[in-house]
Amino acid sequence: IKPNHVTFIGVLLACAHSGRVSEAQKYWSSMLESGLRPSMEHYGCMIDLLCRANLVEEACTLVETMPICPDAAIWRTLLVGCKKNKMAEKGEIASYKLLELEPFNAENYILVSNLFASGSEWAKMRLMRKHMKDKGIKAIPGCSSIEIDGFVHEFVMGDWSHPETEEIREVLRDISERVSGYGLELWNFDVLHNAVEKRESSLWAFFEID
């Protein structure tokens, strides 16, 4: 059976999620040789693959040589890849392209703000917040819930109104101390604010020290 466009999308997606870069490149070449013209979805798969593999330069080159205009999903993938690999200049280019295509998507402004925050570019980050405010764009806060003994506890990011807030804080502090004891370092997420601001109320996460 001769593979079609859908077949190659499935194969490229599988390669992207399993980190098989060389195999994906072979399938990409095979697709071109068979006469199939890559669609936006095919390009999206390849750019996602390259960014996941930290080959952002190659991803940028592929975007620049696309015969069709990249969509918002591609620019968003490239932006995340640039942030992860500390490529601020290329990330900034991707961010403005993304905002041109989706100027009222709150998620995009958060991603761009995080890019600037990761490079300590607070003035640019504040400008993004101003743009959101001027356009009346509000981010939907992340939330989660858990049911205990028939009662549903809901937690919303930035909201400490839960009746057991102090107990929750104590547990988080205990966890942070235990994890730090294993050689891990406290890291504050750089979501929409300078890490100096509201340090106590920011989310906690950890990463291993090399």
Side-chain angles (χ1 to χ4, degrees), residues 3-32 36-121 124-125 127-129 131-132 135 137-142 157 187 189-193 203 205 207:
N4 57 21
H5 283 83
V6 178
T7 307
F8 281 106
I9 288 175
V11 171
L12 292 175
L13 271 175
C15 289
H17 287 278
S18 59
R20 300 177 182 275
V21 177
S22 59
E23 288 89 339
Q25 291 172 331
K26 291 178 182 178
Y27 288 123
W28 180 265
S29 297
S30 175
M31 180 177 66
L32 297 178
L36 290 176
R37 181 178 298 178
S39 66
M40 191 74 73
E41 289 76 14
H42 294 111
Y43 279 105
C45 290
M46 283 300 293
I47 291 162
D48 180 40
L49 167 90
L50 295 171
C51 287
R52 286 174 183 265
N54 296 322
L55 300 173
V56 183
E57 285 287 357
E58 291 185 31
C60 290
T61 299
L62 183 58
V63 170
E64 292 169 358
T65 57
M66 286 177 60
I68 52 180
C69 293
D71 63 6
I74 287 178
W75 286 119
R76 192 177 296 112
T77 300
L78 195 60
L79 172 58
V80 173
C82 288
K83 176 184 178 294
K84 180 182 176 183
N85 288 270
K86 301 185 184 304
M87 299 171 62
E89 186 175 342
K90 289 186 179 294
E92 190 167 353
I93 293 173
S95 69
Y96 290 131
K97 293 288 186 180
L98 177 59
L99 293 177
E100 283 180 10
L101 292 173
E102 293 183 348
F104 295 101
N105 187 334
E107 177 190 357
N108 296 336
Y109 288 90
I110 293 173
L111 289 174
V112 177
S113 295
N114 286 345
L115 171 73
F116 293 141
S118 66
S120 299
E121 297 187 74
K124 291 181 179 180
M125 186 200 69
L127 182 60
M128 284 296 108
R129 295 178 67 179
H131 287 331
M132 287 185 71
K135 294 180 180 181
I137 301 171
K138 294 183 178 180
I140 300 175
M157 184 174 175
W187 173 55
F189 283 111
D190 50 13
V191 182
L192 287 180
H193 58 74
L203 292 178
F207 62 89

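Residue numbers count from 1 along this sequence.
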Note to self: What I'd like to find out is whether the side chain of Trp75 reaches to under 4.5 Å of the side chain of Leu99, using heavy atoms alone.
What the structure shows: no
Notebook entry, point to check: Taking only residues two or more places apart in sequence, or in another chain, which ones meet Glu23 in a side-chain hydrogen bond (donor to acceptor under 3.5 Å, both in side chains)?
Noted result: none
Next item on the list: Identify the two heavy atoms, one from Pro70 and one from Leu101, that lie closest to each other, and give their separation to 0.1 Å.
Entry: O-CD1, 3.7 Å
Item checked: Approximate separation, where rounding is to 0.5 Å, of Leu79 CG and Asn108 CG -> 8.0 Å
Check: Once you round to the nearest 0.5 Å, how far does CE of Met31 lie from CD1 of Ile9?
Finding: 8.5 Å
Check: Which pair of heavy atoms, one from Ala59 and one from Leu78, lies closest together, and at what distance?
Finding: CB-CD1, 3.8 Å
Next item on the list: List in chain and number order the residues that pass salt bridge (Lys or Arg N to Asp or Glu O under 4.0 Å) with Glu41, two or more places apart in sequence or in another chain; answer none if no residue qualifies.
Entry: none
Notebook entry, point to check: Under the side chain to side chain donor-acceptor pair (under 3.5 Å) rule, what pairs show up with a residue in residues 90-99, not counting sequence neighbours?
Noted result: Glu92-Tyr96, Glu92-Lys124
Margin query: Tell me whether Asn85 contacts the main-chain N or O of Met87 through its side chain, where contact means a donor paired with an acceptor under 3.5 Å.
Written below: no
Checklist line | Counterpart residues, ring-ring contact (aromatic ring centres under 6.0 Å, His included), relative to Tyr43 (two or more places apart) | finding: Trp28
Item checked: Under 3.5 Å: donor-acceptor pair, side chain of Tyr109, backbone of Pro103 -> yes
Below 3.5 Å, can you tabulate the donor-acceptor pairs from side chains in residues 10-21 to any protein atom, sequence neighbours excluded?
unit_1 : atom_1 : unit_2 : atom_2 : d
Ser18  : OG     : Ala14  : O      : 2.7
Ser18  : OG     : Cys15  : O      : 3.4

Item checked: Main-chain N/O of Leu36 paired to His5 side chain as donor or acceptor, under 3.5 Å -> no
Notebook entry, point to check: Is Ser29 reaching over with its side chain to a backbone N or O of Gln25, donor-acceptor style, under 3.5 angstrom?
Noted result: yes
Next item on the list: To the nearest 0.5 angstrom, please state how far the OG atom of Ser30 sits from the CZ atom of Phe8.
Entry: 4.5 Å
Note to self: Under the rule for side chain to side chain contact (heavy atoms under 4.5 Å, CB included), what residues qualify as partners of Ala73, not counting sequence neighbours?
What the structure shows: Asp71, Arg76
Item checked: Gap between atom CE of Met40 and atom CD1 of Ile74 - 0.5 Å precision -> 5.5 Å
Margin query: Restricting to non-hydrogen atoms, name the atom on Val56 and the atom on Cys82 that form the minimum distance, rounded to 0.1 Å.
Written below: CG1-SG, 3.8 Å
Notebook entry, point to check: For Lys86, does the NZ atom have more than 12 heavy-atom neighbours from other residues, nucleotides or ligands under 6.0 Å away?
Noted result: no
Checklist line | Inter-residue atom distance Met128.CE - Asn114.CG, 0.5 Å rounding | finding: 12.0 Å
Checklist line | side-chain contact (heavy atoms from CB on, under 4.5 Å) between Val112 and His131, intermediate numbers included | finding: CA-CA 12 Å; Val112 177; His131 287 331; over 6 Å; no
Checklist line | Reported CG-to-CE distance for the pair Leu127 and Met132, which is rounded to 0.5 angstrom | finding: 12.5 Å
